[in-house]
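One structure below.
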Number of protein chains: 2
Amino acid sequence: MSEAKKTEKNRNFVTALARGLEILRAFEPGHTMLGNQELAERTGLPRPTISRLTYTLTELGYLSYNARLGKYQPAAGVLALGYACLASFGVRQVARPLMQELARDLDVAVALGTRDRLQMIYLENCQGQGALTLRLDVGSRIPLATTAMGRALLAAVPDEERSYLLDRLRRHHKDDWERVREGIEKAVEDYRMQGYVSSRGDWSHDVNSVGVPLVLPDSTVVAFNCGGPSFLLSQQRLDEELGPRLRTMVSDVRNILAHV
Amino acid sequence: MSEAKKTEKNRNFVTALARGLEILRAFEPGHTMLGNQELAERTGLPRPTISRLTYTLTELGYLSYNARLGKYQPAAGVLALGYACLASFGVRQVARPLMQELARDLDVAVALGTRDRLQMIYLENCQGQGALTLRLDVGSRIPLATTAMGRALLAAVPDEERSYLLDRLRRHHKDDWERVREGIEKAVEDYRMQGYVSSRGDWSHDVNSVGVPLVLPDSTVVAFNCGGPSFLLSQQRLDEELGPRLRTMVSDVRNILAHV
DNA sequence: GAATACTGTTCCGCTATGCGAACAAGCAGT
DNA sequence: ACTGCTTGTTCGCATAGCGGAACAGTATTC
């Protein structure tokens with residue numbers, strides 16, 4: 001059941017808006033060209049509804065229509081929607097130079113993100129010279145439960161929110177929930193004991209990374225990760241170099257924010 | 001009259017969706033925290049309508065509500081909307097290394113963008129070491145008529161689209177239309193004669209830049225600019241270095257795309 | 001402390017939108 | 001060329017959304 005249906009019975013909830021946004025979310029890298037029928041399949045909405053919503057989004061500049069293929073793709077207008085969001089995360093400006101320095105020093109990728117539903121959304125990404133990792137743009141989505149960044153956030157949110165998220169994650173990860181739950185529990189424990197969490201081949205089998213959360217002054221929780229391909233980043237390097245260095249960097253970010 | 005009202009009478013146009021998106025667009029850097037009343041003023045919509053739409057956007061994770069201030073701000077979910085858009089501009093991956101190299105060589109900012117309504121939206125931005133310019137993120141909006149990037153696009157679009165845009169720009173720039181029109185006409189002429197356009201203090205009084213358009217294989221028009229603070233970038237440097245170098249870089253991008 | 005102003009929410013009658021069914025257009029297979 | 005399938009659009013009735021008026025809560029002014 002999509003998010004749009006969850007609160008549909010609430011008289012204040014505007015279903016048309018929710019559905020239009022679900023259409024925009026249906027596009028993803030690897031699927032940037034979709035027809036009305038494909039959108040109907042991906043969203044579960046009837047084709048007449050899709051037809052009207054895609055027409056509206058195209059008129060407004062959020063989708064463009066490729067007449068030759070009979071398909072839609074996101075247009076530049078959707079980028080403008082997110083820009084103010086980035087501007088409201090002041091932590092980005094503070095963190096960016098420190099992230100870039102760490103990325104260069106260790107020749108890894110260092111990213112900052114926050115949670116959206118059951119995923120982490122990249123707010124910033126800095127990369128070392130080697131550039132061996134897939135470069136994920138701002139706006140990229142990665143899983144909450146199996147990545148270092150996601151696990152770091154789960155370790156830092158209030159207990160009530162974590163319980164709520166664990167419940168939703170259990171329903172989301174039906175088949176391998178035991179393994180996912182153990183990874184999260186270990187992360188909460190790791191964070192308590194050593195101040196950082198890790199994902200060692202849990203998300204992508206050849207990616208290792210560590211994560212550290214940060215609770216902002218307004219109580220928003222963000223998280224950093226630092227990692228790369230597992231053939232370059234041994235377990236030892238994670239524990240003796242990346243973890244401690246990231247923890248120190250996040251501590252520096254926190255200190256700078258406290259004096260703004 | 002907002003875009004949402006333009007096509008409101010069309011039975012296929014979904015007004016609720018259009019209005020919800022107008023709310024998201026109302027947030028901008030410098031105005032990332034807005035209350036329902038402020039949103040009503042900025043969009044021209046009645047307060048009950050705003051109340052329902054902001055409630056819906058908050059439920060879905062596109063806005064978050066700051067109870068202490070009684071205001072809304074964009075949440076991370078809006079970033080996810082735009083990510084597929086970036087992924088569909090393959091030109092970014094092709095152009096980025098060449099842009100980064102040029103930015104480093106000349107110690108300037110080199111950006112790529114495309115049009116959304118009467119603005120250019122940044123798709124990519126690379127910066128030299130000096131970092132003296134305000135770093136504009138992907139998603140940033142700059143004017144169409146007074147920037148090098150915007151003028152480059154106007155110089156390259158089909159005549160019919162340019163006429164349409166000039167008409168809308170005339171209504172948008174009521175008071176200084178003569179000056180704006182002259183800048184656009186000069187840009188079209190410059191592009192024809194020398195392959196690049198310029199903006200010398202026309203957008204921001206202390207920013208000079210040059211621009212070169214690129215028509216992609218699917219006929220989408222994008223544009224590059226290259227520039228920085230005017231005290232570093234003399235007229236001579238624009239014409240003898242930046243313009244020619246940017247034109248060559250864009251030519252290289254075009255050649256690479258032709259062989260993909 | 002009272003009055004006023006401002007902002008946000010609720011109500012309800014009217015208008016807009018949703019969607020199953022039907023239809024239309026284009027494509028694939030024979 | 002014909003038939004069947006797939007995809008997209010149109011129609012009409014039922015339901016959702018809109019917005020003026022009213023109400024509620026909070027802040028400001030006197």
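Nothing here was measured: the structure is a model prediction, and the numbers come from that model. Chain letters run A, B, ... following the sequence lines, proteins first and then strands; every chain starts at 1. These values consider heavy atoms only, across backbone and side chains, with no hydrogens, waters or symmetry-generated copies.
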Side chain of A:V14 only, please: which of D:dG20, D:dG17, C:dT9 is the nearest?
D:dG17
N or O in side chain of A:N12 less than 4.0 angstrom from C:dT9 OP1/OP2:
no
By the definition side chain to side chain contact (heavy atoms under 4.5 Å, CB included), identify the one residue from A:V197, A:V188, A:L144 that meets it with A:R151.
A:V197
Presence of donor-acceptor pair under 3.5 Å, side chain of B:R11 and base of D:dG12:
yes
Judged by atom type as modelled, is there a donor-acceptor pair below 3.5 Å linking the side chain of A:T114 to the main-chain atoms of A:I121?
no
Tell me: CD of A:Q37 to P of D:dT7, nearest whole Å?
5 Å
Separation of D:dT6 atom C1' from A:K71 atom NZ, nearest Å, is 12 Å
What does the inter-axis angle of the helix from C:dG1-D:dC30 to C:dT30-D:dA1 come out as, five pairs per end, nearest 10 degrees?
40°
Between C:dT7 atom P and B:Y55 atom OH, what is the distance in whole Å?
24 Å
At less than 4.0 Å, is any side-chain N or O atom of A:R52 found next to OP1 or OP2 of C:dT17? Yes or no.
no
How long is the line joining CZ of B:F13 and P of C:dA16, in whole Å?
13 Å
Hey, is the main chain of B:T220 close enough, under 3.5 Å, to the side chain of B:D218 for a donor-acceptor pair?
yes
Answer yes or no: is there an ion pair linking A:E178 with A:R181, defined by an N-O contact shorter than 4.0 Å?
yes
Please round to the nearest 0.5 Å and tell me the distance separating atom CG of A:L154 and atom CE of A:M149.
12.5 Å
Which whole-number value in Å describes the distance from A:I50 CD1 to D:dT10 P?
16 Å
To the nearest angstrom, the CG-C1' distance between A:L53 and C:dC19 comes to 12 Å
Go through the steps for B:S64 and B:N66 under the test side chain to side chain donor-acceptor pair (under 3.5 Å), then give the verdict.
CA-CA 7 Å; B:S64 61; B:N66 183 315; over 6 Å; no
Nearest-nucleotide pick for A:R19, side chain only, options being D:dG20, C:dC19, D:dT9
C:dC19
Any B:T15 side-chain N or O less than 4.0 Å from OP1/OP2 of C:dA16:
no
CD of B:E22 versus P of D:dC18: gap in Å, rounded?
14 Å
Rounded distance (nearest 0.5 Å) linking atom CD of A:Q119 with atom NE2 of A:H172
7.5 Å
Do B:S204 and B:D206 pair up side chain to side chain, a donor and an acceptor below 3.5 Å, judged on atom types alone?
yes
Without placing hydrogens or testing angles, list every side-chain donor-acceptor pair under 3.5 Å for residues 30-40 of chain B, not counting sequence neighbours.
from: B:H31; atom 1: NE2; to: B:R42; atom 2: NH2; distance (Å): 3.2
from: B:N36; atom 1: OD1; to: B:T54; atom 2: OG1; distance (Å): 3.2
from: B:Q37; atom 1: NE2; to: B:E41; atom 2: OE2; distance (Å): 3.3
from: B:E38; atom 1: OE1; to: B:G35; atom 2: N; distance (Å): 2.8
from: B:E38; atom 1: OE1; to: B:K71; atom 2: NZ; distance (Å): 2.7

Please tell me which of A:Y65 and A:L17 maps to the more 5' nucleotide of DNA chain D, matching each residue to the nucleotide holding its nearest heavy atom.
A:Y65
OP1, OP2 of D:dT9 versus side-chain N and O of A:N36: anything below 4.0 Å?
yes
With distance as the sole test, does B:S51 use its side chain to make a donor-acceptor pair with the main-chain N or O of B:R47 at under 3.5 Å?
no
For the side chain of A:S51, counting heavy atoms from C-beta on, which of C:dG18, D:dT9, D:dG19 is nearest?
D:dT9
Taking OP1 and OP2 of C:dG18, is either one under 4.0 Å from a side-chain nitrogen or oxygen of A:T49?
no
Within this structure, what is the CG-to-P distance between A:L45 and C:dG18, rounded to whole angstrom?
9 Å
Interface polar pairs with nucleotides 22-27 of chain C, N/O, under 3.5 angstrom:
none

